[in-house]
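Remarks on the structure that follows.
Computation of the quantities below employed the complete heavy-atom set of this structure, encompassing side-chain atoms and omitting hydrogens, waters and symmetry-equivalent molecules. Since we're looking at a predicted model, the values are computed, not measured. Letters go in sequence order (proteins before strands), and every chain restarts at 1.
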2 protein chains.
Amino acid sequence: MSASKRDELVQNALQVFYSGGFHAVGMDSLAKATGVSKTAIYKHFRTKEDLILATLRLRDEQFRNWLVRRVEALETDPRKRLVAIFDALAEWFREPGFQSCMFIKASSEYQDHTHPIHVMAAEHKRLLLSYFSELARKAKARDPEDLARQLLLLKEGAIVLAHLHGADEVARDARRAAENIISMSLEK
Amino acid sequence: MSASKRDELVQNALQVFYSGGFHAVGMDSLAKATGVSKTAIYKHFRTKEDLILATLRLRDEQFRNWLVRRVEALETDPRKRLVAIFDALAEWFREPGFQSCMFIKASSEYQDHTHPIHVMAAEHKRLLLSYFSELARKAKARDPEDLARQLLLLKEGAIVLAHLHGADEVARDARRAAENIISMSLEK
DNA sequence: ATACACATGAACCGATCGGTAAACGTGAAT
DNA sequence: ATTCACGTTTACCGATCGGTTCATGTGTAT
C-alpha cells in the first residue's frame, strides 16, 4: 500500500469513527466501509488503537488548520479575531455532518487519564488553548492565558450543546457570551 | 427480585457504566460487577438499552437533586446562587471518582438525535437549563433564559475540561467567567 | 409430604469482536 | 517461461457480544 493509500485509509477511517463511535465500529465493518481489507489495514497499524491514534492525529491537524485559517479570513483585528472564533464554530456546527467533537467523544470512550487516546484528546485541547492565548496576547488582554481558558470553556460547552440542542441558538449564545468575557478582559 | 433489589441493580449499573462506558461494558461483566445474574437482569429489563435508560433516569434525578440542594445550602441570595452553581460543580469535579458527565458520555456513544439515549441526554440538559432560568429570573436578570443558556455553556465546557485538564484550574476559570457573564446580565 | 411458583446459575445461541495464517493473484526481474 | 516478492482475499482463531433456554434449587402454601 502506498503512502497516499495509507493517508486515504486514515481519512476514511476518521469519518467512520467520527460518525459511528470507536467501540461501536469493528474492524470488519471498518474494512468494508473503507474498501481496504483487514489484512492490509493490519500491515500498517499494529492494533485498532494505533489506527485510532492516527485518525486523531489527522483530525487534530485538520481542525486546527481549518480554525486558524477561517479566523484569519474572517477578521484582521486581533480583538475581532477572538470573537471570530465563535463565528467559525457556528459554521462548523451548521455543517450537515456535524456530530460534536472527535476528541470529546474519544475522551468519553477512553476515560482513563493515562490512556494514549485520552492523552491525545487532552493534548488537542492544549494546542487550541495556546492558539487562543496567542490571539488574546495580540489583542492586549490583561491576562491572555486567563482569557484563553475562559474562551475554551465556552467553546467546549458550545460543541456539547450544539450536538444536543441544535446549532443555531447555541452558536448565537456562545458568541454573545464570548463578547462579554472578552470585553471584561480587555477594558481596564 | 424485589423493587429495592431492582433499584440497587440500577444504582450499581450506573456506577459500572459511568466508569466503564456503555459499549465497552458487556452484560456478562455487568452481571458479575453487580452480583445480579444475567437472567435476573433480563427479568426486569427487556434489553441492555432499557437498562441504560433506567440508569440515566436515576442519574438525572440524583444529579439535579444534588445540585439544587447544594446551591441552596451554599447561598440564599438569588444572584449569589447563580455563582454558587459553579462552587457546587467544583466540589463535584474534585470528587475522587469524577469522570465527566454521564450524559455527555451517553450522547458521545449514541449520537443519532433520534436515539432514545441521546434524547434522554438532551432532556437532562433541558431540565438543568430550566433550573438555571428559574435562578436567573429570581436574580432579576434582564433576560433570564439568555443568561441561563450562557451559564449552561460554561457548565458543559467546565465538565469537559475538568475531565481532560484537571479539576482545580478549570473550576476557578468557570467561576470567574460566570461572574463576568452574570454581572453583565444583571447590571443595567 | 407434596405441589406449585419463582429465582437462580450455567450452558448455550448465532453474531461479532480484534487479530492472524495461509492460499491465491499479479507484476517485475531474470 | 520461471521465479520471486508482495498485496489481497478468504477463512479462521479464541473470546466476547446481547440475549435465551433449561435444568436445578428453594421457599411457601396446602
Side-chain angles (χ1 to χ4, degrees), chain A residues 1-57 105-106 108-112 115-118 120, chain B residues 1-57 102 105-106 108-112 114-118 120:
Chain A
M1 185 188 292
S2 66
S4 72
K5 277 281 175 191
R6 188 193 136 115
D7 291 348
E8 196 181 315
L9 163 63
V10 174
Q11 174 66 49
N12 289 336
L14 170 53
Q15 296 306 323
V16 177
F17 283 133
Y18 179 64
S19 58
F22 299 99
H23 283 92
V25 170
M27 293 304 282
D28 287 276
S29 64
L30 189 90
K32 184 161 292 183
T34 60
V36 180
S37 72
K38 253 206 306 184
T39 316
I41 295 176
Y42 278 100
K43 270 262 144 56
H44 291 274
F45 301 96
R46 255 187 57 259
T47 62
K48 182 185 185 182
E49 185 181 312
D50 279 358
L51 174 57
I52 292 175
L53 286 168
T55 68
L56 291 180
R57 272 188 286 271
K105 299 199 279 193
S108 291
E109 293 202 44
Y110 303 90
Q111 312 175 46
D112 179 356
H115 193 292
I117 293 177
H118 190 100
M120 163 144 295
Chain B
M1 186 189 290
S2 66
S4 72
K5 276 282 178 190
R6 188 192 137 116
D7 292 348
E8 196 182 315
L9 163 63
V10 175
Q11 174 66 50
N12 289 336
L14 170 53
Q15 296 306 323
V16 177
F17 283 132
Y18 179 64
S19 58
F22 299 99
H23 284 92
V25 170
M27 293 303 284
D28 288 277
S29 63
L30 189 90
K32 185 160 292 183
T34 59
V36 179
S37 74
K38 251 206 306 184
T39 317
I41 295 176
Y42 278 100
K43 269 261 144 55
H44 291 273
F45 300 97
R46 256 186 58 258
T47 62
K48 182 185 185 183
E49 185 181 312
D50 279 358
L51 175 57
I52 292 175
L53 286 169
T55 68
L56 291 180
R57 272 188 286 271
M102 186 103 184
K105 299 200 279 192
S108 292
E109 293 202 43
Y110 302 90
Q111 311 175 45
D112 180 356
T114 67
H115 193 294
I117 292 177
H118 189 101
M120 164 143 296

Residues at least two apart in sequence or cross-chain that pass side chain to side chain contact (heavy atoms under 4.5 Å, CB included) with B:Thr39, listed by chain then number, are B:Ser37
Side chain to side chain contact (heavy atoms under 4.5 Å, CB included) filter on A:Ala13, not counting sequence neighbours, yields A:Phe17, A:Leu30, A:Leu51, A:Thr55
Counting primed atoms, P, OP1 and OP2 as sugar-phosphate and everything else as base, the B/S/- map of nucleotides 20-27 of chain D against protein heavy atoms under 4.0 Å is BB------
Interatomic distance, B:Leu30 CG vs D:dG19 P [rounded to whole Å]
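Value for this atom pair: 12 Å.
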Contacts under 3.5 Å, N or O only, protein and nucleotides 13-15 of chain C:
none

The nucleotide from D:dT8, D:dG18, C:dA7 with an atom nearest the side chain of B:Lys48 is D:dG18
Tell me whether the rings of A:Tyr110 and A:His115 are parallel (<30°), tilted (30 to 60°) or perpendicular (>60°).
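If you compare the ring of A:Tyr110 with that of A:His115, the planes turn out tilted.
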Task: Pairs where residues 12-22 of chain B contributes a residue and the test side-chain hydrogen bond (donor to acceptor under 3.5 Å, both in side chains) is met, not counting sequence neighbours - done: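 Output for this query is empty, none listed.
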Salt bridge (Lys or Arg N to Asp or Glu O under 4.0 Å) pairs touching residues 16-39 of chain A, sequence neighbours excluded, are A:Asp28-A:Lys38
B:Ser108 meets the side-chain hydrogen bond (donor to acceptor under 3.5 Å, both in side chains) criterion, sequence neighbours left out, with A:Ser108
Residues passing the side-chain hydrogen bond (donor to acceptor under 3.5 Å, both in side chains) test with A:Gln11, sequence neighbours excluded, are A:Gln62
Qualifying residues under ring-ring contact (aromatic ring centres under 6.0 Å, His included), relative to A:Tyr42, sequence neighbours excluded: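 Partners of A:Tyr42 under the ring-ring contact (aromatic ring centres under 6.0 Å, His included) test: none.
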